[in-house]
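First the structure, in the form of structure tokens, and then the observations on it.
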Amino acid sequence: MKLNILYFAATRDTVGMDGETRDFPAGVATVADVLAALEREGEQYRAAFAEPSCLRFALDQVFVGIDAPVRDGAELGIFPPVTGG
Amino acid sequence: MKLNILYFAATRDTVGMDGETRDFPAGVATVADVLAALEREGEQYRAAFAEPSCLRFALDQVFVGIDAPVRDGAELGIFPPVTGG
Amino acid sequence: MIRTSVQAEAFDAAAELAALGGDGDAGALVSFTGLVRGEPGSTLELQHYPGMTERQLDAIAGEAAERFAVLRGRVIHRYGLLHPGDAIVFVAVASPHRGDAFDAARFLMDWLKTKAPFWKRETRPDGTAHWVEAQAADNEAAALWD
Amino acid sequence: MIRTSVQAEAFDAAAELAALGGDGDAGALVSFTGLVRGEPGSTLELQHYPGMTERQLDAIAGEAAERFAVLRGRVIHRYGLLHPGDAIVFVAVASPHRGDAFDAARFLMDWLKTKAPFWKRETRPDGTAHWVEAQAADNEAAALWD
């Protein structure tokens with residue numbers, strides 16, 4: 001399952017890139033599964049996702065919770081709480 | 001006791017003048033007394049003051065109630081509830 | 001700190017707003033402009049109580065500055081003959097944060113509506129005229145700040 | 001009905017405000033301008049999520065138009081590098097009456113603060129930088145509209 005992942009703000013700084021397109025193995029079904037899979041890939045992900053309650057997620061540009069199901073080809077945004085306005 | 005009385009808005013239209021300086025006899029001690037004294041002077045006052053709960057008063061440019069004491073030389077404004085803004 | 005004016009002339013809301021921004025102390029700038037409503041051809045005449053109006057506007061502005069964190073503010077109220085779409089009143093407040101700016105602007109308007117000695121007289125296109133009635137809702141809005 | 005923009009360029013709050021007045025339908029025009037706070041020499045960088053930002057602003061504007069009597073409205077949010085005193089965000093609403101104009105403007109700001117994907121990074125004059133933390137007060141303000 002392929003996802004286009006985008007990182008913003010402090011999450012972008014910690015992961016070290018704006019975004020990436022990645023293939024995930026079968027069994028990665030939710031946003032939480034994606035985080036867990038990435039954390040296995042390296043320290044930068046473990047640091048960025050250390051406090052999932054301080055992260056926000058968007059699937060295809062719509063806010064979702066950490067348990068939202070992901071589907072092939074989706075755009076997943078991962079970022080801290082927003083601070084605009 | 002001399003008062004400088006100013007009328008505004010519908011009250012001005014009904015009384016038929018912007019204002020007047022008038023001498024009141026002893027015993028005229030409050031705004032209510034002033035209204036009663038004026039009502040004895042003519043129909044235009046009785047028409048203008050018919051519903052005192054729909055009038056507002058200012059003594060020397062400060063809002064007061066109908067029972068406020070008046071003093072010689074004061075400026076008394078008589079007018080309907082305000083509708084600015 | 002909150003400057004007030006009573007005037008017959010039109011005002012430049014844009015210039016007034018720009019003058020309040022500051023250079024880093026204010027995070028929030030709220031403005032309210034009251035406009036004349038009505039069909040084309042109608043007019044609105046605003047009468048006021050010269051002297052008392054200025055006193056009341058200053059008193060209301062002072063109360064707002066005491067209740068809320070206000071860095072700078074502006075109140076302008078017009079009188080005289082106005083037409084649909086004309087600006088009657090302008091209130092603007094610069095504050096460190098948005099809550100105070102919104103609250104102070106709304107407070108100023110709610111108190112102006114019930115405590116500033118202005119009266120509106122509306123003339124319809126057919127020439128009939130009437131003094132605008134005070135609204136119970138305005139008294140209720142003002143009472144919420146008591 | 002409430003037009004939204006996301007842009008790096010400065011905007012002309014005065015011209016935006018003037019465009020909303022109308023010619024007799026609106027009695028109230030409320031504007032909010034969010035300004036960069038900070039000491040001279042500090043800067044603020046606004047990052048955003050292109051695509052999602054536009055969608056969210058339109059969704060928030062649509063919600064405001066549904067909840068309140070809004071005749072016309074405008075939302076502009078900037079991104080990029082800003083300096084103290086610069087305008088970040090502009091919200092303006094024209095309504096028949098002042099209650100709706102105030103409520104709609106405040107609602108737009110409260111939702112923008114918590115639902116529009118922008119992030120602020122502050123750089124102090126000494127060069128140290130940090131991402132601005134989200135405020136619990138902003139979540140509480142937004143929750144009041146739920």
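Residue numbering restarts at 1 for every chain, and letters A, B, ... go by the order of the sequence lines. A quick note: this is a predicted structure, and the numbers were derived from the prediction, not measured.
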- [ ] Tell me, out of D/G38, D/A94, D/P40, who's got the most heavy-atom pairs with chain C below 4.5 Å.
- [x] D/G38
- [ ] Using a cut-off of under 4.5 Å on heavy-atom pairs, state which of C/D12, C/V36, C/D86, C/V89 scores highest against chain D.
- [x] C/V36
Open item on the list: For the interface with chain C, which of D/A28, D/G34, D/A26 has the highest count of heavy-atom pairs at distances below 4.5 Å?
Closed with: D/A26
Task: Note, C/R98 side chain near D/D138 side chain (heavy atom, < 4.5 Å) - done: yes
TODO: Output the option from D/L17, D/D110, D/V91, D/I88 having the highest count of non-hydrogen pairs under 4.5 Å with chain C.
DONE: D/D110
Task: chain C interface, residue from D/A92, D/G99, D/S42, D/A13 that has the most non-hydrogen pairs under 4.5 Å - done: D/G99
Open item on the list: Using a strict threshold of under 4.0 Å (side-chain N to carboxylate O), is an ion pair present between C/D103 and D/R106?
Closed with: yes
Open item on the list: Using every non-hydrogen atom in the two residues, find where C/G24 and D/P84 come nearest and quote the distance to one decimal.
Closed with: CA-CB, 3.9 Å
- [ ] Against chain C, work out which of D/A101, D/P96, D/A137 has the most heavy-atom pairs shorter than 4.5 Å and name it.
- [x] D/P96
- [ ] For this output row, return yes or no: ring centroids of D/F102 and C/F32 closer than 6.0 angstrom.
- [x] yes
TODO: Please state whether the side chain, the backbone, both or neither of D/A105 comes within less than 4.5 Å of a heavy atom of chain C.
DONE: both
TODO: Examine whether an atom of C/V30 lies under 4.5 Å from a heavy atom of chain D, and if so say whether it belongs to the side chain, the backbone or both; otherwise answer neither.
DONE: both
- [ ] Give a yes or no on this: more than 12 heavy atoms of other residues, nucleotides or ligands lie within 6.0 Å of atom CD of D/Q7.
- [x] yes
Task: Ion pair D/D23/C/R37, N-O distance below 4.0 Å - done: no
